[in-house]
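Report on the structure given below.
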Amino acid sequence: MSFHKIPGQVQAKRLLQNGLRSGNYSHAYIFHGPPGTGKKATAMSFAQALLCEQQQDDSCGECIECRKVNSGNHTAIQTIVPDGAAIKIEQIRELQKQFSYRNTTSSAVQLYLIYEAEKMTVSAANSLLKFLEEPNSRIVAILITHNGQALLPTVRSRAQKVPFVPLAPQQMAPLLIAEGLSSPLVQAAVHLTAGMEAAKELVQLNWFAEIRNVMIQLAQESSGDIHSALLTVQQKLTKSELTEHVDTLLDLFVLWFKDMVHMQWDRKQRIVFIDQQEYLSKHAFSRDLSEWVVCMQKAMEARNRLRSHVNAQLALDSFLVSMERR
């Protein structure tokens with residue numbers, strides 16, 4: 001994959017491509033950032049660019065080396081993933097053994113990618129550390145992690161850090177919609193996740209569309225008959241698998257209240273619930289702006305109570321009752 005096909009991550013791509021152009025790339029990198037921000041795709045793009053026979057700071061996609069990378073069977077690239085819950089010392093030792101042999105038979109660049117690097121056991125990390133302390137110009141390591149701080153300080157100090165940041169929702173939404181995904185679901189998902197992959201995965205989960213519909217129903221019912229809203233909670237949430245996703249429902253409520261604020265300020269281009277604009281426009285001025293802000297705060301407070309292991313139905317019922325106009 002070419003770098004230009006990876007959305008966003010300008011800083012990360014610039015850092016890597018500058019190293020490729022100058023030939024002064026690091027022997028080890030730590031790609032760190034939230035899930036779904038393109039770390040894995042960028043790692044493969046960097047690996048392909050290093051091996052490409054035609055281009056200096058990117059991959060051509062046409063040469064034999066690029067085709068091998070695209071097919072997933074390039075022998076110069078080794079990957080390590082957790083064996084169960086952890087990356088074990090035996091996996092690192094096997095990696096070292098393979099590279100020790102290849103260094104005597106090849107002058108080409110060799111790469112290894114460690115996914116979920118934060119899951120290395122201490123012994124595995126210390127074994128890797130010895131590998132990093134004796135850098136070979138033909139070997140490049142890429143450690144991919146959601147939490148760079150979870151790596152040993154000694155490992156962090158011997159690798160160049162490449163940060164990955166969440167994409168803005170307005171960057172992600174058009175790309176996902178262009179893939180044929182539901183626009184209303186995409187608009188919500190990109191505000192609840194940190195990257196393209198995570199947003200796409202959320203949209204494709206069956207329960208996400210269901211929980212969004214229930215949230216809209218509850219928002220409309222709670223503005224009128226609170227008893228009807230509480231009955232809906234019993235019927236559609238507490239007696240179904242959706243009860244596991246009350247946290248997402250409350251996150252959607254926050255977006256709903258923000259939409260009311262956007263509607264009051266005539267910022268329709270920022271509306272998330274694009275299929276509910278008629279309802280939003282009719283009800284946005286039913287409360288003062290400050291009241292909608294309080295509603296957001298109450299939704300977030302309910303979300304925090306869930307994290308404190310408060311019963312989901314209790315937290316949601318209390319939240320809905322607090323929304324009732326008196």
Side-chain angles (χ1 to χ4, degrees), residues 34 166 169 182 184-194 198-199 201-203 205-265 267-268 270-326:
S182 164
L185 294 180
V186 165
Q187 293 294 343
V190 296
H191 285 82
L192 300 179
T193 56
E201 180 181 350
L202 184 59
V203 168
L205 294 171
N206 290 332
W207 65 260
F208 184 61
E210 293 180 50
I211 205 74
R212 180 182 179 276
N213 288 336
V214 171
M215 178 262 129
I216 292 171
Q217 182 177 346
L218 287 174
Q220 295 177 357
E221 289 177 345
S222 61
S223 66
D225 182 4
I226 187 63
H227 299 291
S228 179
L230 296 176
L231 183 61
T232 297
V233 170
Q234 282 190 327
Q235 293 177 336
K236 295 192 174 182
L237 285 173
T238 58
K239 295 182 180 179
S240 74
E241 295 180 359
L242 292 181
T243 190
E244 299 176 8
H245 306 292
V246 171
D247 54 346
T248 301
L249 182 141
L250 288 166
D251 289 336
L252 289 167
F253 258 111
V254 173
L255 297 177
W256 178 267
F257 298 139
K258 284 184 179 179
D259 275 0
M260 292 296 189
V261 173
H262 292 321
M263 192 63 73
Q264 282 202 19
W265 283 93
R267 296 186 295 212
K268 294 181 181 179
R270 299 181 66 176
I271 297 295
V272 172
F273 290 88
I274 55 175
D275 57 338
Q276 300 296 316
Q277 288 199 53
E278 183 178 353
Y279 181 90
L280 292 168
S281 64
K282 288 181 179 179
H283 293 82
F285 291 92
S286 64
R287 295 176 187 254
D288 291 337
L289 190 66
S290 60
E291 290 184 85
W292 289 124
V293 174
V294 169
C295 289
M296 284 185 234
Q297 293 171 341
K298 288 181 177 179
M300 290 186 283
E301 288 169 4
R303 181 73 162 78
N304 290 335
R305 286 197 291 274
L306 283 180
R307 291 173 179 167
S308 301
H309 307 294
V310 171
N311 176 272
Q313 182 177 352
L314 178 61
L316 186 53
D317 284 353
S318 298
F319 162 69
L320 291 172
V321 169
S322 73
M323 293 296 100
E324 187 177 13
R325 299 298 297 270
R326 292 180 173 83

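Between the side chain of Asp259 and the backbone N or O of Ile271 there is no donor-acceptor pair closer than 3.5 Å.
Applying the salt bridge (Lys or Arg N to Asp or Glu O under 4.0 Å) criterion to Asp317, with sequence neighbours excluded, gives no partner residue.
When all heavy atoms of Gln277 and Met263 are compared, the pair lying nearest together is O-CE, 3.9 Å. Between Leu255 and Ala188, the shortest heavy-atom distance links the atoms CD1-O, 4.1 Å. Scanning all heavy atoms of the two residues, the minimum distance from Leu192 to Phe208 falls at CD1-CE1, 3.9 Å. The minimum heavy-atom distance linking Asn311 with Leu314 is given by the pair OD1-N, 2.9 Å. In terms of heavy-atom proximity, Leu306 sits nearest to Ala315 at CD2-CB, 4.0 Å. Of all non-hydrogen atoms in Ile226 and Val321, the two that sit nearest each other are CD1-N, 4.0 Å.
Aromatic ring centres of Phe319 and Phe253: separated by under 6.0 Å.
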Please determine whether side chain to side chain contact (heavy atoms under 4.5 Å, CB included) holds for the pair Phe257 and Val294, giving the CA-CA distance in whole Å, both sets of side-chain angles, and the decisive distance to 0.1 Å. CA-CA 9 Å; Phe257 298 139; Val294 169; over 6 Å; no
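Rounding to the nearest 0.5 Å gives a distance of 13.5 Å between CG of Leu250 and NZ of Lys298. Between the NZ atom of Lys258 and the SG atom of Cys295 there is a distance of 14.0 Å, given to the nearest 0.5 Å. Distance check: Ser318 OG to Met323 CE gives 11.0 Å after rounding to the nearest 0.5 Å. Here the CG-CG distance, from Leu218 to Asn213, works out to 11.0 Å after rounding to the nearest 0.5 Å. Atoms CG and CG, from Leu316 and Asp247 in turn, are 11.0 Å apart once rounded to the nearest 0.5 Å. The distance from the OG atom of Ser281 to the CD atom of Gln264 is 12.0 Å, given to the nearest 0.5 Å.
Classified by interplanar angle (parallel below 30°, tilted 30° to 60°, perpendicular above 60°), the ring pair His245/Trp207 is parallel.
Every pair passing salt bridge (Lys or Arg N to Asp or Glu O under 4.0 Å) that includes a residue from residues 205-216 is listed here, sequence neighbours excluded: Arg212-Asp275.
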